[in-house]
Amino acid sequence: QLQASGGGAVQAGGSLRISCRTSGINFRIARMNWYRQAPGQQRDLVANVAAGGSADYVDSVKGRFIASRDYARNTMYLQMNNLKPEDTAVYYCSTFWRGTEWWGPGTQVTVSS
């Protein structure tokens, strides 16, 4: 299971950290992803996080978002800084494990101008 949490409402320029707690997978070797879906839009990839913790980001969040992993807690984080109204979306974590794509319920992030 994947469970994203930690979303909320902030003003532009603010910060939030969201979490993705995992169970049922080997978190130490699973590549993980952060996606987001804005109202009326498709779900888009935000960050791809390798098992070792290195991450690739979509251009729109580079330099503002930082993904990290806590292997003791089987949890992935997304630190979001200098948030913009266009970052408003439901954020999801996902992984591909043993032939199946796993998704958890998302967490809402709302950024006001």
Side-chain angles (χ1 to χ4, degrees):
Q1 289 186 343
L2 305 179
Q3 179 67 57
S5 62
V10 296
Q11 291 190 329
S15 297
L16 274 176
R17 189 180 77 159
I18 58 177
S19 303
C20 173
R21 188 171 65 179
T22 73
S23 62
I25 65 171
N26 188 337
F27 183 71
R28 292 185 177 275
I29 63 173
R31 179 175 289 271
M32 303 291 299
N33 304 298
W34 282 108
Y35 281 80
R36 66 185 179 187
Q37 187 168 20
Q41 303 295 318
Q42 66 182 19
R43 191 173 296 186
D44 292 324
L45 181 66
V46 175
N48 177 269
V49 188
S54 61
D56 293 314
Y57 303 93
V58 66
D59 285 346
S60 60
V61 307
K62 282 181 181 177
R64 300 189 297 121
F65 289 13
I66 302 171
S68 61
R69 304 173 70 132
D70 184 334
Y71 298 97
R73 291 179 169 82
N74 293 329
T75 299
M76 177 175 65
Y77 301 98
L78 187 66
Q79 176 68 43
M80 303 182 291
N81 301 317
N82 190 22
L83 282 160
K84 303 177 180 181
E86 52 263 41
D87 295 318
T88 294
V90 178
Y91 284 71
Y92 301 88
C93 54
S94 77
T95 190
F96 193 81
W97 183 252
R98 291 185 177 176
T100 301
E101 194 166 23
W102 292 40
W103 292 89
T107 186
Q108 176 71 48
V109 173
T110 303
V111 185
S112 58
S113 57

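Please read all numbers here as calculations on a predicted model, not as lab measurements.
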As an exercise, state the distance from [atom1] of [X] to [atom2] of [Y], rounded to the nearest 0.5 Å.
X: Asn33; Y: Cys93; atom1: CG; atom2: SG; result: 9.5 Å
X: Gln108; Y: Gln37; atom1: CD; atom2: CD; result: 10.5 Å
X: Thr75; Y: Met32; atom1: OG1; atom2: CE; result: 9.5 Å
X: Gln42; Y: Asp44; atom1: CD; atom2: CG; result: 4.5 Å

Taking the side chain as every heavy atom from C-beta outward, state whether [X] and [Y] have any pair of such atoms under 4.5 Å apart.
X: Tyr92; Y: Trp34; result: no
X: Ile25; Y: Thr95; result: yes
X: Arg69; Y: Phe27; result: yes
X: Met76; Y: Val49; result: yes
X: Val46; Y: Tyr57; result: no

Item to check | SB check Asp87 Lys84 (cutoff 4.0 Å) | outcome: no

Item to check | hydrophobic_cluster_shared for Tyr35 and Ile66, side chain cutoff 4.5 Å | outcome: no

Item to check | Backbone of Tyr91 reached by a side-chain donor or acceptor of Thr107 within 3.5 Å | outcome: no

Item to check | N/O donor-acceptor pair under 3.5 Å between Thr88 side chain and Glu86 backbone | outcome: no

Checklist entry - Using a distance-only test with no angle check, is there a side-chain donor-acceptor pair under 3.5 angstrom linking Asp56 and Asn48? => result no

Checklist entry - Do Tyr71 and Arg28 get their side chains close enough for a donor-acceptor pair, meaning under 3.5 Å? => result no

What donor-acceptor contacts under 3.5 angstrom involve side-chain atoms of residues 97-106, with partners at least two apart or in another chain?
none

Checklist entry - For Phe65, which of Leu83, Val58, Asn82 qualifies under side-chain contact (heavy atoms from CB on, under 4.5 Å)? => result Leu83

Checklist outcome for this item: Of all heavy-atom pairs linking Ala89 and Ala38, the shortest is CB-N, 3.8 Å

Tell me which donor-acceptor pairs under 3.5 Å the side chains of residues 5-22 have, and how far apart each pair is, sequence neighbours excluded?
unit_1	atom_1	unit_2	atom_2	d
Ser15	OG	Asn81	OD1	3.0
Thr22	OG1	Asn74	O	2.8

